[in-house]
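The analysis underlying the following values was restricted to heavy atoms, covering all of them including side chains, and did not include hydrogens, waters or symmetry mates.
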Amino acid sequence: MSKLGDLGARLHRGEISYDFVGKRKIWYGISILITITAIVGLAVRGLNMGIEFQGGAVFTTPTKMSTSVAQAEDYANQASGHQSVVQKLGNGSLRIQIAGIDTDQSNKVKQELAKDLNLDPEKLAADLVGPSWGEQIASKAWEGLAIFMVLVVIYLAIAFEWRMAVAALVALIHDITITTGIYALVGFEVTPGTVIGLLTILGYSLYDTVVVFDSLKEQTKDITKQTRFTYSDIANRSINGTLVRSINTTVVALLPVAGLLFIGGGFLGAGTLNDISLSLFVGLAAGAYSSIFIATPLVADLKEREPAMKALTKRVLAKRAQAATGEDAAQARTGEDDTDDAAPAVVGPRNQPASRNRGRGRTSGKRR
């Protein structure tokens, strides 16, 4: 068996563990700090919405253009007065995307671009995207997200309990906030692919959370009939028991996404992959983190507010204190026995009767 497999088996059996739940205040603090940073990024920089959401024009040049991407971007910025995005396609043509311009502006920009690129204006293809279409996509995306959240809460409340539903909802909002905040800080363009990526990571994050919740539900059956473990103890065992599984699934999912983001988008320059790959990469990592460090510890916090769980915690702690007192007393008795055994042994008779020594050292004879 591999070292990781042996570690997973020992974690599952409870032979070793890490106190995730006991250190939950640390995880809460880290998450609050990251979330605040993401919110500040959204407030200060905002999201770089793509042309699908803002409206604008897309110009495509003929194949085998000698103009570089940087030069074409300068030409487009000067001609339109707006920030442009230029991509080189596989056939050698250039795709010039300019957001925020209407039909009249696009005609003027087309003429200027054709002149700068030494092209016939008729050979420069132009496609217009209306802002109403982007607004429709955005509204549908928000509707889908809201419906997804409601269904998640209903399902978890029925399959598990409302506390787990609340914890899962907090974890999902945590993942969405961090992912959108990273988009704002990095400045990547938000496209329909980004929305698809966000919805995908929500499903993955929920799956990882449900795995831990299912283990927790099984291990907390008839929990009040014993006095060995508190709810937090069992929650911690559930996290440790599924920890290696969560790590394996997260790493396997992140590897191809990292290939899209860093190799496809960064090294090869396929910018069209950045929109969906960044949301998947950040969302998968945040989802794994929230499932382990946020969702389950939050469930433990909510459960231990119940009167029955408070009473159980008191009984468990009292029993542990009693056991610790008994161990201390046993150790004290063992120390006393060791002291007695360590006393030096006396060799030879002690306190012999004086009569045994009478007559010794005197010559024999009759008494006078």
Side-chain angles (χ1 to χ4, degrees), residues 17-49 142 145 148-149 152-153 156 163-190 194-195 197-213 216 231-232 235-236 238-240 242-243 246-247 249-251 253-254 257-258 261-262 266 274-275 277-305:
S17 65
Y18 183 80
D19 193 7
F20 291 100
V21 177
K23 298 181 179 180
R24 53 185 176 270
K25 291 183 179 179
I26 298 176
W27 318 134
Y28 293 165
I30 294 173
S31 295
I32 290 172
L33 180 62
I34 296 174
T35 303
I36 291 175
T37 304
I39 293 174
V40 170
L42 285 169
V44 175
R45 294 178 58 90
L47 291 173
N48 180 21
M49 305 303 292
W142 283 113
L145 181 62
F148 175 82
M149 293 290 191
V152 164
V153 171
L156 291 179
R163 294 168 187 83
M164 292 185 177
V166 170
L169 182 62
V170 171
L172 290 177
I173 295 174
H174 168 273
D175 299 341
I176 294 174
T177 305
I178 291 177
T179 305
T180 53
I182 293 295
Y183 258 87
L185 293 172
V186 174
F188 277 17
E189 190 178 36
V190 177
T194 306
V195 178
L198 284 174
L199 295 176
T200 303
I201 63 164
L202 292 180
Y204 179 87
S205 175
L206 182 64
Y207 165 79
D208 219 17
T209 303
V210 167
V211 168
V212 183
F213 283 178
L216 181 58
Y231 192 92
S232 292
N236 198 63
S238 299
I239 297 175
N240 282 275
T242 58
L243 181 62
S246 299
I247 293 174
T249 53
T250 302
V251 171
L254 282 176
V257 176
L261 179 61
F262 298 108
N274 289 337
D275 51 0
S277 59
L278 180 64
S279 61
L280 288 174
F281 186 84
V282 176
L284 290 175
Y289 171 84
S290 64
S291 299
I292 297 171
F293 297 98
I294 302 298
T296 308
L298 184 57
V299 170
D301 273 337
L302 294 175
K303 284 291 292 184
E304 291 199 336
R305 296 176 184 271

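For the atom pair CG (Leu298) and CG (Leu302), the distance works out to 4.5 Å, reported to the nearest 0.5 Å.
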For the pair Phe188 and Ile182, evaluate side-chain contact (heavy atoms from CB on, under 4.5 Å) and give the outcome as yes or no after the intermediate values. CA-CA 9 Å; Phe188 277 17; Ile182 293 295; over 6 Å; no

Please step through side-chain contact (heavy atoms from CB on, under 4.5 Å) for the pair Ile176 and Met149, ending with a clear verdict. CA-CA 12 Å; Ile176 294 174; Met149 293 290 191; 3.4 Å; yes

Dump the intermediate steps for side-chain contact (heavy atoms from CB on, under 4.5 Å) on Thr177 and Ile39, then the final yes or no. CA-CA 7 Å; Thr177 305; Ile39 293 174; 4.0 Å; yes

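Judged by distance alone, the side chain of Arg45 and the main-chain N or O of Ala184 form a donor-acceptor pair under 3.5 Å.
Counting only residues at least two apart or in different chains, side-chain hydrogen bond (donor to acceptor under 3.5 Å, both in side chains) contacts with residues 289-299 comprise Ser31-Tyr289, Asp175-Ser290, Thr209-Ser291. Judged as a salt bridge (charged side-chain N to carboxylate O under 4.0 Å, His left out), the pairs with a partner in residues 18-34 (not counting sequence neighbours) are, in order, Arg24-Asp301.
Using a 4.5 Å heavy-atom threshold, the side chains of Tyr207 and Val210 count as separate. For the pair Ser279/Thr200, no side-chain contact is recorded, criterion being any heavy-atom separation below 4.5 Å from C-beta on.
In this structure, the ring-ring contact (aromatic ring centres under 6.0 Å, His included) partners of Phe20, at least two apart in sequence or on a different chain, are Tyr18, Phe293. For Ser232, the side-chain hydrogen bond (donor to acceptor under 3.5 Å, both in side chains) partners are Glu304, not counting sequence neighbours. For Tyr231, there are no side-chain hydrogen bond (donor to acceptor under 3.5 Å, both in side chains) partners two or more places apart in sequence or in a different chain. Taking the side-chain hydrogen bond (donor to acceptor under 3.5 Å, both in side chains) definition, one finds that Thr179 meets it with nothing, sequence neighbours left out. Partners of Val153 under the side-chain contact (heavy atoms from CB on, under 4.5 Å) rule, at least two apart in sequence or in another chain, are Ala165, Leu169. In this view, Val190 and Leu47, Met49, Phe53, Tyr183, Thr194 satisfy the side-chain contact (heavy atoms from CB on, under 4.5 Å) rule, not counting sequence neighbours. Scored by the side-chain contact (heavy atoms from CB on, under 4.5 Å) test, Thr37 finds Leu185 as partners (sequence neighbours excluded). Taking the side-chain hydrogen bond (donor to acceptor under 3.5 Å, both in side chains) definition, one finds that Asn236 meets it with nothing, sequence neighbours left out. Under the side-chain contact (heavy atoms from CB on, under 4.5 Å) criterion, Thr250 pairs with Tyr204, Asp208, Leu254, Ala288, not counting sequence neighbours.
Taking all atoms of both residues into account, the shortest heavy-atom contact from Ala295 to Phe213 is CB-CZ, 4.0 Å. The minimum heavy-atom distance linking Leu216 with Ala235 is given by the pair CD1-CA, 3.5 Å. When all heavy atoms of Ile178 and Ala38 are compared, the closest pair comes out as CA-CB, 4.1 Å. Thr35 and His174 get closest at one heavy-atom pair: OG1-CD2, 3.9 Å. Considering all non-hydrogen atoms of both residues, Ala300 and Val21 come closest at CB-CG1, 4.0 Å. For the pair Ile201 and Gly283, the tightest heavy-atom approach, listed with the atom from each and the gap, is CD1-CA, 3.4 Å.
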